[in-house]
Amino acid sequence: MAISHEAFIHPQALVEDGAEIGPGAKIGPFCHVGPEAVIGARVELMSHVVVQGVTSVGEDTLVHPFAVLGGIPQDLKFKGEKTRLTIGKRNRIREHVTMSTGTAGGGGLTSVGDDGLFMAGCHVAHDCRVGNNVILVNNSALAGHCVIEDEVIIGGLSGVHQWVRIGRGAIIGAVTMVTADVIPHGLVQAPRGKLDGLNLVGLKRRGVARSDITALRAAFQMLAQGEGPFQDRARRLGDETESDYVREIVGFITGESDRSFLTPGKA
């Protein structure tokens, strides 16, 4: 066991032999830290937190009571193989959040970036790739193998289907089921997930230039009303635009994916 002398472990916490606890970390009462867990510097597990499996929690992360990190996948194909969960720095993980390790079929890794907020009751399933500055609102859930890029917000009680990609800066409204890929900076809402526009509020909050927002609006209109198949419209956009934000959408649409896309005006 490698426990920093600067860490605090409550007498009523259970830290198993082999666990690593970084300097300044706080392990509260009734927490259970497994033998292959790595808890970074200044991480706080408030109370009743379970960290299982090959799981690492990045520095300055705060984990609220009854969260379970590194539990085995909820996948019948999982046969006990050793897989991992990595959680980045400065995340806020609220009550009853669950994050699973990966599966052999998905690369063996579930990864969460930095500076995320995971509100009460959220679930991050096996083999997900979650970026930086992501917000999952209460009781939202990611199925296996999802890719959630940076600065995405997923509304409360929403579900994301397995293998779906959600592009950077997109926002998913509350009580929405997302079954297809979402373009960067898209706005998705309605029970069966309709691409209703762009996340203009998010773009403005991040200080995106007016010229880029104008270019994104024009690009969205072309994707909605242009001629030919959706991906052909995107390729034409790539040939015509000078905006890096529009090129980001084009690259996302023309990139590799096993799923279809939410398209403007279609469920």
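Residue numbers start at 1 and run along the sequence shown. Just so we're clear, the structure is a prediction, and the values are computed from it rather than from any experiment.
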Inspect the surroundings of CZ in Arg217 and state if more than 12 heavy atoms from other residues, nucleotides or ligands are less than 6.0 Å away. no
Measure the spacing between CZ of Arg247 and CG of Leu237 and express it to the nearest 0.5 Å. 11.5 Å
Would the distance check show the side chain of Thr214 and the main-chain N or O of Arg210 forming a donor-acceptor pair, the cut-off being under 3.5 Å? yes
d(Ile135 CD1, Ile153 CD1) to nearest 0.5 Å is 4.5 Å
Can you spot which of Leu198, Ile166, Ile249, Asn199 makes a side-chain contact (heavy atoms from CB on, under 4.5 Å) with Pro184? Ile249
Could you tell me if the side chain of Val130 sits less than 4.5 Å from the side chain of Val124, heavy atoms only? yes
Among the clusters formed by ILVMFWY side chains lying less than 4.5 Å apart, do Leu195 and Leu203 turn up in the same one? yes
Do Met99 and Ile87 have side-chain heavy atoms sitting under 4.5 Å apart? yes
State, without any angle test, whether Thr103 and Asp75 hold a side-chain donor-acceptor pair at a distance under 3.5 Å. no
Under 3.5 Å, side chain of Thr176 to main-chain N/O of Gly173, donor-acceptor pair present? yes
Side-chain (Arg42) to main-chain (Gly40) donor-acceptor, under 3.5 angstrom: no
Is it the case that the side chain of Arg236 and the backbone of Glu227 share a donor-acceptor pair, with hydrogens and angles ignored and the cut-off at 3.5 Å? yes
Taking every non-hydrogen atom, the tightest pair across Ser158 and Val175: OG-N, 3.2 Å
For Ala13 and Gly28, work out which heavy atoms get closest and say how close. CB-O, 3.3 Å
Side-chain contact test, heavy atoms from C-beta onward, threshold under 4.5 Å: evaluate it for Val160 versus Cys146 and give yes or no. yes
In this structure, OG1 of Thr110 is separated from CZ of Arg84 (nearest 0.5 Å) by 9.5 Å
Return yes if some donor-acceptor pair links the side-chain N/O of Gln162 with the main-chain N/O of His145 below 3.5 Å, else return no. no
Taking Asp115 for the side chain and Asn91 for the main chain, is one N or O donor matched with an acceptor at less than 3.5 Å? no
Criterion side-chain contact (heavy atoms from CB on, under 4.5 Å) on Ser111 and Thr86, from CA distance to verdict: CA-CA 5 Å; Ser111 64; Thr86 64; 3.5 Å; yes
Is a side-chain donor or acceptor of Asp60 paired with a backbone partner of Lys89 at a separation under 3.5 angstrom? no
Intermediate values then yes/no, side-chain contact (heavy atoms from CB on, under 4.5 Å), Ile3 and Ile9: CA-CA 9 Å; Ile3 298 178; Ile9 299 176; 3.6 Å; yes
Angle class for the His96/Phe66 ring planes (parallel below 30°, perpendicular above 60°, tilted otherwise)? parallel
Give a yes or no answer on whether the side chain of Gln12 reaches the backbone of His10 with a donor-acceptor pair at less than 3.5 Å. no
Linking I/L/V/M/F/W/Y whenever their side-chain heavy atoms sit closer than 4.5 Å, directly or via other members, would Leu109 and Ile72 fall into one cluster? no
Please assess Arg165 against Arg259 for the test side-chain contact (heavy atoms from CB on, under 4.5 Å), listing each intermediate value before the final yes or no. CA-CA 8 Å; Arg165 298 181 302 149; Arg259 302 201 68 84; over 6 Å; no
Looking at Lys82 and Glu36, does any basic side-chain N land under 4.0 Å from a carboxylate oxygen? yes
Any Lys/Arg nitrogen of Asp150 or Arg168 sitting under 4.0 Å from an Asp/Glu carboxylate oxygen of the other? no
Any side-chain heavy-atom pair from Leu223 and Ile253 closer than 4.5 angstrom? yes
Cluster check Val112, Val54: I/L/V/M/F/W/Y, side chain < 4.5 angstrom: no
With rounding to the nearest 0.5 Å, note down the distance linking CG in Asp196 to CD1 in Ile171. 12.0 Å
Could you walk me through whether Gln74 and His123 satisfy the side chain to side chain donor-acceptor pair (under 3.5 Å) test, starting with their C-alpha distance in whole Å, then the side-chain angles of each, then the deciding distance to 0.1 Å, before giving a yes or no? CA-CA 11 Å; Gln74 299 178 118; His123 177 61; 3.2 Å; yes
With side chains defined as the heavy atoms from C-beta onward, is the minimum distance between Asn132 and Val134 less than 4.5 Å? no
Residues passing the side chain to side chain donor-acceptor pair (under 3.5 Å) test with Arg92, sequence neighbours excluded, are none
Residue pair Ser100, His126: steps toward the side chain to side chain donor-acceptor pair (under 3.5 Å) verdict: CA-CA 5 Å; Ser100 301; His126 60 87; over 6 Å; no
How long is the span from the CG atom in Asn138 to the CD atom in Glu95, to the nearest 0.5 Å? 9.0 Å
Measuring only between side-chain heavy atoms, which start at C-beta, is Leu142 closer than 4.5 Å to Ile148? yes
Work out which heavy atom in Gly70 is nearest to a heavy atom in Leu85; give both atom names and the distance. N-CD2, 3.3 Å
Atom CZ of residue position Arg90 - does it have more than 12 heavy atoms of other residues, nucleotides or ligands inside 6.0 Å? yes
Examine distances only and state if a side-chain atom of Thr98 and a backbone atom of Gly71 form a donor-acceptor pair shorter than 3.5 Å. no
Hydrophobic cluster identity match, Val97 and Leu117, side-chain contacts under 4.5 Å: no
Heavy-atom distance under 4.5 Å between the side chains of Phe252 and Asp181, does that happen here? yes
Are Val152 and Val208 connected, step by step, through hydrophobic side chains (Ile, Leu, Val, Met, Phe, Trp, Tyr) whose heavy atoms are closer than 4.5 Å? yes
For Pro73 against Gly102, the heavy-atom pair lying closest together: CG-O, 3.3 Å
Do His185 and Glu248 meet the criterion of a side-chain donor-acceptor pair at a distance under 3.5 Å? yes
Can you see which heavy atom on Asp212 is nearest to which on Asp244, and at what distance? OD1-N, 4.4 Å
About how many Å separate CG of Leu262 and CG of Leu187, when rounded to the nearest 0.5 Å? 11.0 Å
Pair Arg235, Arg233 - check side-chain contact (heavy atoms from CB on, under 4.5 Å), show working. CA-CA 5 Å; Arg235 292 188 184 96; Arg233 288 178 244 164; over 6 Å; no
Does Val33 reach the side chain of Glu16, with side-chain heavy atoms less than 4.5 Å apart? no
So, for Ala180 and Val164, which heavy atoms are closest and what is the spacing to 0.1 Å? O-CG1, 3.6 Å
